[in-house]
Enquirer: 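Quick one: structure below, then a few questions.
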Amino acid sequence: MSRFEPSTIESKWQTAWEQAGTFTATRDPAKDKYYVLEMFPYPSGRIHMGHVRNYTMGDVIARYKMSCGFSVLHPMGWDAFGMPAENAAMERGGHPKDWTYGNIADMRDQMKPLGLSIDWSREFATCDPEYYGQQQAMFIDMLHAGLVYRKNAIVNWDPVDMTVLANEQVEDGRGWRSGALVERRELTQWFFKISDFSEELLSALDGLDNWPEKVKLMQRNWIGKSRGLEFAFGTVDAPEGFDRIEVYTTRPDTLMGASFVGISPDHPLAKQLESHDDKVAAFCAECRKGGTTEEAIETAEKLGYDTGIKVRHPFDTSWELPVYIANFILMDYGTGAIFGCPAHDQRDFEFATKYDLPITPVFEPTDGASGLTEAFVPLKSETVRYVRGFAGEQVQTGEAGVNSAIDFCEENGVGHGVTKFRLRDWGLSRQRYWGCPIPVVHCEDCGVVPEKKENLPVELPYDNGNEPIDFAVPGNPLDRHPTWRDCACPSCGKPAKRETDTMDTFVDSSWYYARFTAPRAETPTNAEDAEYWMNVDQYIGGIEHAILHLLYSRFFARAMQITGHLPKKAVEPFDALFTQGMVTHEIYLTRDENGRPVYHLPETILEYTSNVDGKKKAVLKLGVTRANMDPKTVSADVLTEASRQGLFDGYEVETIPSAKMSKSKKNVVDPVNIIQAFGADTARWFVLSDSPPERDVEWTASGAEAAYKHLGRVWRVAGDIATQEGAGKGDEELTRTVHKAIHDVTMGIESFGFNAAVAKLYGLANAIQKSKAGADARRDAMKVLAQLMSPMTPHLSEEIWSMLGGEGLVIDAPWPKADPKMLVEDTVTLPIQINGKRKAEISVAKDLPKEEVEKLALANDAVVKALAGGQPKKLIVVPGRIINVVI
RNA sequence: GCCCGCGUGGUGGAAUGGUAGACACAGGGGACUUAAAAUCCCUAGGCAGGAAUGCCGUGCCGGUUCGAAUCCGGCCGCGGGUACCA
């Protein structure tokens, strides 16, 4: 008998599927459809184990649904715009377009050997003009529908490179290339009006029954609906035009504990003061240092500046509060102004302590007074005693206190109750080259005018005339392109300038699922195809997309419905969501001359040395010694890295604990080596077998070989069975095992319990191998095993299926059904617990009455011994499960 | 900082209120072999014990329950997100 050779059988069956057109999705009205989608990858150039895991999971579902008779759509494409392409051009020269399409070709070549059931005829990249042109058309429709507008927004500004930085490019408040202290700067930017949909996006979460609760909870918190009071303080000694300061508070019940008013450094009053007062200007400049992230703002030291302006308390005009400019107040949320109640807010407490402001409790715990070493911040649902309340009962919950405070204030003409959302509008402008151009034109006479649809796509220029675009110069090359910006105004025809901002890449990924239903259509979507294929029945992706990508997609589907590009039923585009865990890996780094980290690929790590000073260390194996820099034996990337850093074999590197695999940290593992050594089925089997799919998995190289051995064993056992002939005595035990496996594996696949399903498949394979049943029974069992394994190890399964005389392709064979009669056991083993600890077990008929079970239990030796002649306090019998004797 | 998760043998993990450690990996022992590889069989949470068995045990502390890895509260550690990484 020949050896198990994955490379031979895998290419054979991939060809067979291709020739049969097995994975071509067709709109077949006679069949129910099933749309499986995995989040499409960014074309970094190399697939990694995370991709293998993600796409294998989707493939299991797709193949299983095909076997169940569905018309399946399982497409693949590329999230191809984004910063890494520009960074590559900056570092190594070349063009983002060439880099991206080259990477796509490489990654496609790496993915195809996996044998995924993908309809490659639908493939596209978001950087294809055919794709982003349709996106521009929708943008124009959305602009007309009032879903897009312009306003000022704050960006990270690198004052040395004179360019806008992404949050990722700000490290410890400094620009990643220049090292300059980053400032916050205002620019006019394009926005989607997602905030108009806050209520809708929130309430519609309740209908997403097949989404993980944690994702819905994260989105609820992100949207952040709150009810509060908006009112104005009258000012004293304020500049003209500022006789009132509007504030918003979610805790109006603490109004009698107010001790200061805080305004954002971007508040109109702060700006007014700044323009006349150097000290204020200096303070505001200080506040604007650092990055724009919420994290940077929230964790920065809380700073305040006393403006000298006072406000009058609305309930007591003789009570005056100071007005501070404070760095932690966001202009984007509420009114950009708050009142602080230090007794019941930890941040305000620290602020008041720092600036020596009064701390006046408004309420206390019902079981005694709280000390004032920190703010007393109970849950709103908790009952407290108000000592400085002004509305409602003295003892009430915080929530009741808030509601009565709002009612009281409205009745007394102090402000009004309002509902606000934390969700901000979606800023889509990017001052970058490698993105979808925003299709508008700036005309001196007509203002901002959308491009005519017949002029779409507004294509990115490849070069500056004949000169290559220089990406090494900071800033957006579109801004300094000699001719691209120049155009005719679509409205009046006079010379005008194109918008040079491109779109956030989240726009690209907010509708690709819809485009896959008709990827070559001359319009963004095709109504019939969208009607048939939408919604995505199963969407699979990483938990890191729980908020932004998934929320933006939900918004975009609504915007597409309003502009006529999607049917009403598709406003929630993803019926079911599964968030797989990430593949993580340790990170290896050395430091450059400035102490900045330089990361290294795991494949360049030779071994661990022992822990030194509590820090784990590893050494490099670059295949490079100082003497040997032979380009024939060392890959170009490694050589470049090695020579740039002066690294060589044995060089010691720092290791830091596992984190999400990311290209920038270089903690990525290359699956290509594994596929070459063991075959795709082994890689697929391995990524499914070892971890629950929703959990992160730390990649370790060991284990792939074990998967390979097991598949070889299955292949061998199948081969043995294929050569045997003649009926034997059917073995009921084997048949029962087979039906139990059908049931368990089917349930496992349906519930994303792939690792548990794999364990059951190990069990079935072991049972078949050890069974003494006749050849025919074992052949039938092995054919079922091939079917059950086929979503996971499709090539091996086809081979076995054909070896054993199965009809046609295993992928076309109907999924086996478990006979319910075969799943029922006649007798059950009941553990007997004494005081909750297992002490014995008895075997009883399945339907034995409870009283009989009790008798048997009490007659059990261990129970008799433990009772020592006494009576049990309690006897619990859970039929079919357990007996517990309480003594 | 804030929001959301996760934490079980040497390792990956199973069990989602009912026998903790299924199924594997690495390990140990054995069979086959001149030998090795491959394959097959046995063993395996910790401690004590020759064994039967007993005690301990799911990050830590406390609670609910006849019964908790599982539910609740508090803490510790790690990870994801934090609106310009995708």
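Chain naming here is simple, since letters A, B, ... match the order of the sequence lines and numbering starts at 1 in each.
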Enquirer: Between U43(B) and G79(B), how many Å separate the two C1' atoms, rounded to a whole number?
Expert: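 Each nucleotide's C1' atom is 37 Å from the other's.
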Enquirer: Charged N to carboxylate O below 4.0 Å: is that the case for K865(A) and D861(A)?
Expert: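 Judged by the 4.0 Å cut-off on N to carboxylate O distance, K865(A) and D861(A) do not form a salt bridge.
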Enquirer: Can we say K193(A) and D425(A) salt-bridge, meaning some charged N sits less than 4.0 Å from an Asp/Glu carboxylate O?
Expert: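 Answer for the salt bridge query: no.
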Enquirer: From the set C66(B), C85(B), G5(B), return the single nucleotide nearest to any side-chain atom of V886(A).
Expert: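 Shortest atom-to-atom distance from the side chain points to C66(B).
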Enquirer: Name the nucleic acid region contacted by T293(A), choosing base, sugar-phosphate or nothing; use a 4.0 angstrom heavy-atom cut-off, strictly under.
Expert: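 It contacts sugar-phosphate atoms only.
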Enquirer: Quick one: side chain to side chain contact (heavy atoms under 4.5 Å, CB included) partners of M76(A), sequence neighbours excluded?
Expert: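 M76(A): side chain to side chain contact (heavy atoms under 4.5 Å, CB included) contacts with E38(A), P41(A), Y55(A), M111(A), I118(A), W120(A).
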Enquirer: Rounding to an integer number of angstrom, what distance separates C55(B) and U65(B) when you compare their P atoms?
Expert: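 C55(B) and U65(B) have their P atoms separated by 24 Å.
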Enquirer: Looking at Q219(A), does any N or O in its side chain come under 4.0 Å of the phosphate oxygens OP1/OP2 on G81(B)?
Expert: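 It does not, given that no N or O in the side chain of Q219(A) lies less than 4.0 Å from OP1 or OP2 of G81(B).
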Enquirer: Minimum heavy-atom separation for P692(A) and N755(A), please, with both atom names.
Expert: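 Nearest heavy atoms, P692(A) then N755(A): N-ND2, 3.4 Å.
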Enquirer: Tell me whether the side-chain N/O atoms of K874(A) come closer than 4.0 Å to OP1 or OP2 in C66(B).
Expert: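 For C66(B), OP1/OP2 do have a side-chain N/O of K874(A) under 4.0 Å.
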Enquirer: Report the distance from atom CH2 of W434(A) to atom P of C85(B), rounded to the nearest whole Å.
Expert: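 Nearest whole value for this atom pair: 19 Å.
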Enquirer: For Q169(A), answer base if it contacts any base atom (sugar-phosphate contacts may also be present), sugar-phosphate if it contacts only those atoms, and nothing otherwise; contact means non-hydrogen atoms under 4.0 Å.
Expert: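 Counting heavy atoms under 4.0 Å across all strands, no contact is made by Q169(A).
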Enquirer: NZ of K865(A) versus C1' of A52(B): gap in Å, rounded?
Expert: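 Computing the K865(A):NZ to A52(B):C1' distance gives 10 Å.
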Enquirer: Using Watson-Crick and G-U wobble pairs whose two distances are both under 3.5 Å, how do you write the pairing of RNA chain B as dot-bracket, with | for links to another strand?
Expert: (((((((..(((.....[....))).(((((.......))))).((((....))))..(((((..]....))))))))))))....
Enquirer: Given atom CD1 of I543(A) and atom P of G5(B), what is their separation to the nearest angstrom?
Expert: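 My rounded result for the distance is 9 Å.
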Enquirer: Specify the separation, in whole Å, of atom CG of L867(A) and atom P of C66(B).
Expert: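 The answer, rounded to whole Å, is 18 Å.
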Enquirer: Is there a side-chain polar atom (N or O) of R424(A) under 4.0 Å from OP1 or OP2 of A83(B)?
Expert: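 Answer no for this pair, as no side-chain N or O of R424(A) is under 4.0 Å from OP1 or OP2.
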Enquirer: For this output row, return yes or no: ring centroids of Y131(A) and W511(A) closer than 6.0 angstrom.
Expert: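 Yes, close enough.
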Enquirer: Which whole number of Å gives the distance between the C1' atom of A31(B) and that of G46(B)?
Expert: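 Nearest-Å result for A31(B) against G46(B) at atom C1': 31 Å.
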Enquirer: What is the distance, to the nearest angstrom, from the CD atom on E86(A) to the C1' atom on C84(B)?
Expert: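 It works out to 12 Å between those atoms.
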Enquirer: Which part of the nucleic acid does R422(A) contact within heavy-atom distance under 4.0 Å: base, sugar-phosphate only, or nothing?
Expert: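 The residue R422(A) makes base contact.
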Enquirer: For V164(A), which contact category applies under a 4.0 Å heavy-atom criterion: base, sugar-phosphate, or nothing?
Expert: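 Base contact - V164(A) has a heavy atom under 4.0 Å of at least one base atom.
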Enquirer: Which is true for H545(A) with a 4.0 Å heavy-atom rule: it touches a base, it touches only sugar-phosphate, or it touches nothing?
Expert: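 Since a base atom lies under 4.0 Å of H545(A), the category is base.
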Enquirer: Just by protein heavy atoms under 4.0 Å, how would nucleotides 17-24 of chain B read 5' to 3' in B, S and -?
Expert: -BB--BSS
Enquirer: Heavy atoms under 4.0 Å, any strand shown: does V155(A) hit a base, just sugar-phosphate, or nothing?
Expert: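 Base, at least one base atom sits under 4.0 Å.
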Enquirer: Which part of the nucleic acid, if any, lies within contact of K709(A), taking any heavy atom under 4.0 Å across all strands shown: a base, the sugar-phosphate backbone alone, or nothing?
Expert: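 Sugar-phosphate: the residue K709(A), judged by heavy atoms under 4.0 Å, touches backbone atoms but no base.
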Enquirer: Under 4.0 Å, heavy atoms only, any strand: does K216(A) hit a base, just the sugar-phosphate, or nothing?
Expert: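 No contact.
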Enquirer: Measure from the ring center of W426(A) to the ring center of F191(A) and say whether it is less than 6.0 Å.
Expert: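 No - the distance between ring centres of W426(A) and F191(A) does not fall below the 6.0 Å cut-off.
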Enquirer: Ring centres under 6.0 Å, that's the criterion: do F192(A) and F556(A) meet it?
Expert: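 Between F192(A) and F556(A), the centre distance is under 6.0 Å.
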Enquirer: Distance check, C1' atoms only: A35(B) and A22(B), in whole angstrom units.
Expert: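 Taking atom C1' in both A35(B) and A22(B), they lie 38 Å apart.
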Enquirer: Taking the six-membered ring where the residue is Trp, are the ring centres of F686(A) and F678(A) under 6.0 Å apart?
Expert: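 Judged by ring-centre distance (under 6.0 Å), F686(A) and F678(A) do not meet the cut-off.
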Enquirer: Students often get this wrong, so: under 4.0 angstrom with heavy atoms, is F506(A) touching a base, only sugar-phosphate, or nothing?
Expert: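 Result for F506(A) = base.
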Enquirer: Would you confirm whether the ring centroid of F752(A) sits within less than 6.0 angstrom of the ring centroid of F754(A)?
Expert: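 Centroid distance F754(A)-F752(A): below 6.0 Å, so yes.
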Enquirer: Nearest to the side chain of Q189(A), heavy atoms from C-beta on, is which of C84(B), G5(B), A86(B)?
Expert: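 From the listed options, C84(B) comes nearest.
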Enquirer: Any donor-acceptor pair under 3.5 Å joining the side chain of E294(A) to the base of G1(B)?
Expert: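 By the distance-only test, yes, there is a pair.
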Enquirer: Just to be sure I understand the rule, does K839(A) reach a base, reach only the sugar-phosphate, or reach nothing, if contact means heavy atoms closer than 4.0 Å?
Expert: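 Sugar-phosphate contact only - K839(A) comes under 4.0 Å of backbone atoms but never of a base.
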Enquirer: Does W222(A) reach a base, just sugar-phosphate, or nothing at all? Heavy atoms under 4.0 Å.
Expert: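 Base: the residue W222(A), judged by heavy atoms under 4.0 Å, touches a nucleobase.
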Enquirer: Output the rounded distance in Å from CD (Q431(A)) to P (C84(B)).
Expert: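 Roughly 11 Å, once rounded to whole Å.
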Enquirer: W715(A) vs F4(A) aromatic rings, parallel, tilted or perpendicular, using cut-offs 30° and 60°?
Expert: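 Answer is tilted, since the angle falls between 30° and 60°.
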Enquirer: So, for F40(A) and Y512(A), is the gap between ring centers shorter than 6.0 Å?
Expert: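 For F40(A) and Y512(A), the ring centres are under 6.0 Å apart.
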Enquirer: Check every strand shown and say whether G427(A) touches a base, only sugar-phosphate, or nothing at a heavy-atom separation below 4.0 Å.
Expert: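 Sugar-phosphate only.
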